[in-house]
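What follows is one structure encoded as structure tokens, with my remarks underneath.
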Amino acid sequence: MTWPQWIETLKERYLANQASVFVLHGAVSSGRWSYAGESLDCPEILRRFLERSRDMVGMLEWETATAAVQPRLRFPGIQDGGRFARHLGARMVLDGITESLQPATPEKALGLIWLALDTPGASQGWVLTQAQRLANAQARHAVETGLKGPGLETWATASWLRESNNVVVLLVEDLAQLSQALVAQCSVISVPESSLPAPVAAVSEPTADDAMAEVEAALSAAGSDSPDPLSLSRGSSEPLADDRPIEPLKNVEEQPARVMDAEPSGVAPAIAEPARPTPSIDGALRRAILRSPKGPWPHCLPGREALAEVLQQRAPQHFGALSFEVVDDQVRCSGLGAEQFETWYRGDIAVDAAIGMALGALEPPAAGFSEETLPVLASPAIRALNRRIDKYLNSL
């Protein structure tokens, strides 16, 4: 597995201590490259590269293409969101800062990122998309860094940041749109157009907007009494409820028993077994977590195992007992229906988002989870997974 040349250039400059803040311009949105058998865009390639050597990787993204929109911090790694909250939360307590960890403005987002970088204890990689929104060449002033942080154009000149293990990458399609004062301080790398075509999504595959809508719908359905995934306490005494309603068993009409000629007349008639309830993704996910109670969970393996268990139970004609392993940072799935499962899992963004929500809220204790200490899994994530499973099975 090889990295694109522009990744190799970034690595060489960083290792030569030339820079810790980079500007990537060109095909940062349209380009796609092949890595580990997948077709990946620029931000995802960067994430895969940075997460190999950084304790956590964060993304500054924008929900829509309009200018008047709140930014959001996203942590693709299943444990990175929890690490960020603990890492930055401790610093804010020491500094007497009572701000929320959710950015409401670009200034707040930059302030949180800078404060995290300025807090020792965790090596970090940050990818800031659409950097022209932060330091536009046509604007009189660049977006300020909140929480009393320095201006973005001065980040690259901070000697302590250059000497740290932290990396900041700003993405912009047209370099002319970015403030020249910022460009002059950073290491600039061109990202050329790739020859790899973008994958053609099937009609049934969800887009990123579909994924967000799926999770948001689950959050809305949860209501105000749903537990916050980031505030679930370990060892909760709440009952482990399956979020999916189990249909009541239908009455089985009694039929006269069929008796073979040689069978004694005293043999009791056979009793029909009641219909079994629908397998629970909640229960399957808990069992998968308890099989690896201490983590880490690369590539959301417990989530894949849980989904495979439910699919095997609900569609045994398509799926057998699947097994998973990570080889060279790539998941290998084997068993009846393995290729079909991987195609669905990689293509359904909502499934990945829901699994990340469920596992990202968990931080295994030193001794690992047990039945008693594993908290209730995030209900919105479980609801979203149930919907995606139903939709997929209906398409088979």
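Since we're looking at a predicted model, the values are computed, not measured.
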(Q) Is any side-chain heavy atom of Val143 closer than 4.5 Å to one of Asn136? (A) no
Q: Can you run down the side-chain hydrogen bond (donor to acceptor under 3.5 Å, both in side chains) pairs that involve residues 112-123, sequence neighbours left out, and say none if there aren't any?
A: Asp55-Ser123, Arg91-Asp118, Arg91-Thr119
Q: Give every residue pair that meets the ring pair (Phe, Tyr, Trp, His ring centres under 6.0 Å) criterion with at least one member in residues 370-396, sequence neighbours excluded.
A: Trp344-Tyr392
Q: Just say parallel, tilted or perpendicular for the rings of Phe369 and Trp297, cut-offs at 30° and 60°.
A: parallel
Q.
Tell me if a side-chain donor or acceptor on Arg133 pairs with a main-chain N or O of Trp62 at a distance below 3.5 Å.
A. no
Q.
Using the side-chain hydrogen bond (donor to acceptor under 3.5 Å, both in side chains) criterion, which residues pair with Glu144? Sequence neighbours excluded.
A. none
**Q.** Side-chain heavy-atom pair Val191, Trp33 within 4.5 angstrom cut-off
**A.** yes
Q: Could you point out which residue of Leu128, Val21, Leu46 forms a side chain to side chain contact (heavy atoms under 4.5 Å, CB included) with Val169?
A: Leu46
Q: Give a yes or no on whether the backbone of Leu171 and the side-chain of Thr129 come within a donor-acceptor separation of less than 3.5 Å.
A: no
Q) Applying side-chain hydrogen bond (donor to acceptor under 3.5 Å, both in side chains), which residue pairs with at least one partner in residues 163-175 are found, sequence neighbours left out? A) Ser29-Glu173, Ser164-Asn166
(Q) When you compare the side chain of Phe49 with that of Glu8, does any pair of heavy atoms fall below 4.5 Å? (A) no
Q) Within the side chain of Gln180, is there an N or O that forms a donor-acceptor pair under 3.5 Å with the backbone of Leu178? A) yes
(Q) Taking Leu40's backbone N and O only, do any of them form a donor-acceptor pair with Arg48's side chain (distance below 3.5 Å, no angle check)? (A) no
Q: Please report the C-alpha distance between Glu305 and Arg287 in whole Å, then the side-chain angles of each, then the deciding distance to 0.1 Å, and finally whether the side chain to side chain contact (heavy atoms under 4.5 Å, CB included) criterion is met.
A: CA-CA 9 Å; Glu305 293 174 357; Arg287 287 189 291 274; over 6 Å; no
Q.
So that I can tick it off, tell me whether Glu61 and Arg74 are bridged by a salt bridge, with the cut-off set at under 4.0 angstrom between side-chain N and carboxylate O.
A. yes
Q) Hey, is Glu309 close enough to Arg304 for a salt bridge, meaning N to O under 4.0 Å? A) no
Q) Can Arg32 and Ser194 be counted as having a side-chain donor-acceptor contact under 3.5 angstrom? A) no
**Q.** Full working for side chain to side chain contact (heavy atoms under 4.5 Å, CB included) between Glu371 and Leu290
**A.** CA-CA 8 Å; Glu371 284 282 4; Leu290 292 175; 3.4 Å; yes
(Q) So, applying side chain to side chain contact (heavy atoms under 4.5 Å, CB included) with Leu147, which one of Leu112, Asp95, Leu110 is it? (A) Leu112
(Q) Can you confirm whether more than 12 heavy atoms, excluding those of Gln317, are under 6.0 Å from its CD atom? (A) yes
(Q) I'd like to check Leu362 versus Leu374 (side-chain heavy atoms, cut-off strictly below 4.5 Å). Are they in contact? (A) yes
Q | Verdict with supporting geometry, Thr145 and Glu107, side chain to side chain donor-acceptor pair (under 3.5 Å) | A | CA-CA 5 Å; Thr145 300; Glu107 292 84 356; over 6 Å; no
Q: Give the minimum heavy-atom separation between Ala306 and Ala288, together with the two atoms involved.
A: N-CB, 4.3 Å
Q. Looking only at side chains, do Thr154 and Thr157 share a donor and an acceptor under 3.5 Å apart?
A. no
Q. Leu117 versus Trp126: any side-chain heavy-atom pair under 4.5 Å?
A. yes
(Q) The criterion is side-chain hydrogen bond (donor to acceptor under 3.5 Å, both in side chains); which residues satisfy it with Glu153, sequence neighbours excluded? (A) none
Q | Glu325 atom CD, over 12 foreign heavy atoms within 6.0 Å | A | yes
Q | Side-chain heavy atoms of Val167 within contact of Ser20, under 4.5 Å | A | no
Q: Over all heavy atoms of both residues, which pair between Pro43 and Met59 is shortest? Give the atoms and the distance, please.
A: CB-CE, 3.7 Å
Q: Give the C-alpha distance, both sets of side-chain angles, the deciding distance and a yes or no for salt bridge (charged side-chain N to carboxylate O under 4.0 Å, His left out) between Arg86 and Glu363.
A: CA-CA 11 Å; Arg86 293 188 300 276; Glu363 181 64 22; 3.2 Å; yes
Q: Answer yes if the side chains of Ser100 and Gln102 hold a donor-acceptor pair under 3.5 Å, and no otherwise.
A: no
**Q.** Trace of the salt bridge (charged side-chain N to carboxylate O under 4.0 Å, His left out) decision for Asp390 with Arg387
**A.** CA-CA 5 Å; Asp390 288 343; Arg387 279 196 291 270; over 6 Å; no
Q | Intermediate values then yes/no, side chain to side chain contact (heavy atoms under 4.5 Å, CB included), Trp6 and Phe22 | A | CA-CA 11 Å; Trp6 51 270; Phe22 299 84; over 6 Å; no
Q.
Run Arg83 and Met56 through side chain to side chain contact (heavy atoms under 4.5 Å, CB included) and show every step you take.
A. CA-CA 7 Å; Arg83 288 195 183 105; Met56 61 182 179; 4.1 Å; yes
Q) Quick one: does Ser370's side chain have a donor or acceptor within less than 3.5 Å of a partner on Thr373's backbone? A) yes
Q. What residues form a side-chain hydrogen bond (donor to acceptor under 3.5 Å, both in side chains) with Arg47, not counting sequence neighbours?
A. Glu44, Glu51
